[in-house]
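Since this is a predicted model, take the numbers as computed values, not measurements. When a residue number appears, it is its place in the shown sequence, counting from 1.
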Amino acid sequence: MAHTALTPVFVGLRTGLHVLFAALTVLVIVRAILAPTESSGLVIAISAVLLLTYGLGGVVARPRDRAHEGTSEGAPTGTGRRITPLIWLAALTLEWVVLVWLIPEAAYLVFPMFFLYLHLLGRWWGSASILGATVIAICALGLHGGWTIGGVIGPLVGAGVALLIGLGYQALGREAAQREALMDELLATRHQLATTEHESGVLAERARLAREIHDTVAQGLSSIQILLHAAERADGERPGIEHIRLARETAAANLADARRFIRELTPPDLDDHGFGGSLRRLAETQWATDGLEVRVRVSDEVTLPMQLQTALLRIAQGAIANVIQHAHASVATITLTVENDELRFTVVDDGDGFDPRQSTNTDGRSDSFGLRATRERVQQLGGVLVIDSAPGLGTTLAVTIALEGVA
């Protein structure tokens, strides 16, 4: 059966129709046996043939049934599916007409026949066939037992009831098909939405990991590269060894950071040193080896959510990395103030400065990734990023965040 949501209803209706047809045919056979006439043998034989023909309908009419169930006109989809059920229905009708001519009780079989006409021939041709079968039943009853009001009204009422039930059955089938199609569409849409959300989450996580790696491992490797270049240029043995030692220490620190980053994806040293302590540690070790004096003005008494500490630490690392690589500055100052539930975080240097308008025209190169990552972090926190710089006047990177909106 084509439908799934209302399959028990359809099975119940069809089973009832089959049982009714078989029961009425058996009634005709019993009537022929209990009240024998000259044609009783013929009636029994035709009734048996009628039952056999009806049983074959489960084979010959099933393809046709599937082809148009739920449609109003029962339009065929192929020549074989169109002709075979019609031949079967015509043979069944002919056998019934012969039977009703021989015995009046066969007129009761017209009721299940109504549903077959409507189901296989569609609304209009089915209704016309129902009307014709009703006339035959009325005439048969009148010829066998005389013309009575009951003999006329009975078949007419049966035809009307069958017509209403049959049309309701078709409407129910169409509605079930529409609901099934809608359910399939909803399931497909839900799958597509889940796939889109998964892809969006993957892209967001990739962007986050790119920012984390850029602000930790990449900056450490840059420092190592600078130290090794300095060791190559150093005169004498001791300066070179000192640079190599610092490079080795930086590599060890970055390796520890990378391992912890992979294991926990949490910022190194925040749990042990706090936000201010982590900045001072970086200023005294990694940043100092790069020739930059970093002054940290962050109170250890300030308590911030871990998410905010992580973001600010990464912003500071990215900003100082840009100062070391591009600004040629001697001093940079990191300041954190909290007033009236508003946080202000600044990184100021005395370097060469630059035109901030050029930084917005990024093309994905590594030189501009740090500023892009900083903007993305600030946007995720619902804050405001302001970069104040000019050639020869140094740079001020200021982040303002309302603490009420940060969990």
Side-chain angles (χ1 to χ4, degrees), residues 13-65 74 82-122 124-167 169:
L13 291 174
R14 292 180 177 182
T15 303
L17 178 63
H18 300 330
V19 172
L20 178 62
F21 189 92
L24 292 176
T25 305
V26 171
L27 176 63
V28 172
I29 296 175
V30 172
R31 179 66 177 84
I33 295 175
L34 296 179
T37 62
E38 295 180 357
S39 59
S40 294
L42 183 60
V43 169
I44 295 173
I46 295 178
S47 298
V49 174
L50 184 67
L51 281 176
L52 179 60
T53 304
Y54 186 83
L56 291 176
V59 177
V60 300
R62 185 177 299 273
R64 167 68 173 171
D65 175 37
R82 177 180 181 180
I83 299 300
T84 304
L86 294 182
I87 295 176
W88 171 80
L89 184 60
L92 195 69
T93 302
L94 180 60
E95 294 168 1
W96 170 72
V97 170
V98 174
L99 193 62
V100 79
W101 179 264
L102 297 174
I103 184 170
E105 284 76 12
Y108 301 139
L109 286 168
V110 74
F111 188 73
M113 296 286 291
F114 288 156
F115 293 99
L116 294 177
Y117 292 139
L118 190 62
H119 189 62
L120 294 179
L121 300 179
W124 302 113
W125 286 107
S127 300
S129 299
I130 289 175
L131 180 59
T134 303
V135 172
I136 294 175
I138 292 174
C139 293
L141 291 175
L143 294 175
H144 283 288
W147 299 95
T148 62
I149 295 178
V152 176
I153 297 299
L156 289 176
V157 171
V161 172
L163 186 62
L164 291 177
I165 294 176
L167 294 178
Y169 176 86

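- In this structure, the side chain of Trp88 does not engage the main chain of Leu56 through any donor-acceptor pair within 3.5 Å.
- Using a 4.5 Å heavy-atom threshold, the side chains of Leu42 and Ile46 count as touching.
- Rounding to the nearest 0.5 Å gives a distance of 3.5 Å between CD of Glu95 and OG1 of Thr53.
- Side chains of Ser39 and Ile103 form no contact here, defined as non-hydrogen atoms less than 4.5 Å apart.
- Contact detail for Ala106 and Trp96: the closest heavy-atom pair is O-NE1, 2.8 Å.
- Separation of atoms CG (Leu50) and CZ (Phe21) is listed at 4.0 Å; rounding is to 0.5 Å.
- The two atoms that bring Ser40 and Ala32 nearest to each other are OG-O, 3.3 Å, heavy atoms only.
- Side-chain contact between Leu99 and Ser47 is present, with at least one heavy-atom pair separated by less than 4.5 Å.
- Of the listed residues (Val100, Leu92, Thr25), just one forms a side chain to side chain contact (heavy atoms under 4.5 Å, CB included) with Leu109, and that residue is Thr25.
- With rounding to the nearest 0.5 angstrom, the OG1 atom of Thr37 is 8.5 Å from the CZ atom of Arg31.
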Could you walk me through whether Ile29 and Val43 pass side-chain contact (heavy atoms from CB on, under 4.5 Å), step by step? CA-CA 7 Å; Ile29 296 175; Val43 169; over 6 Å; no

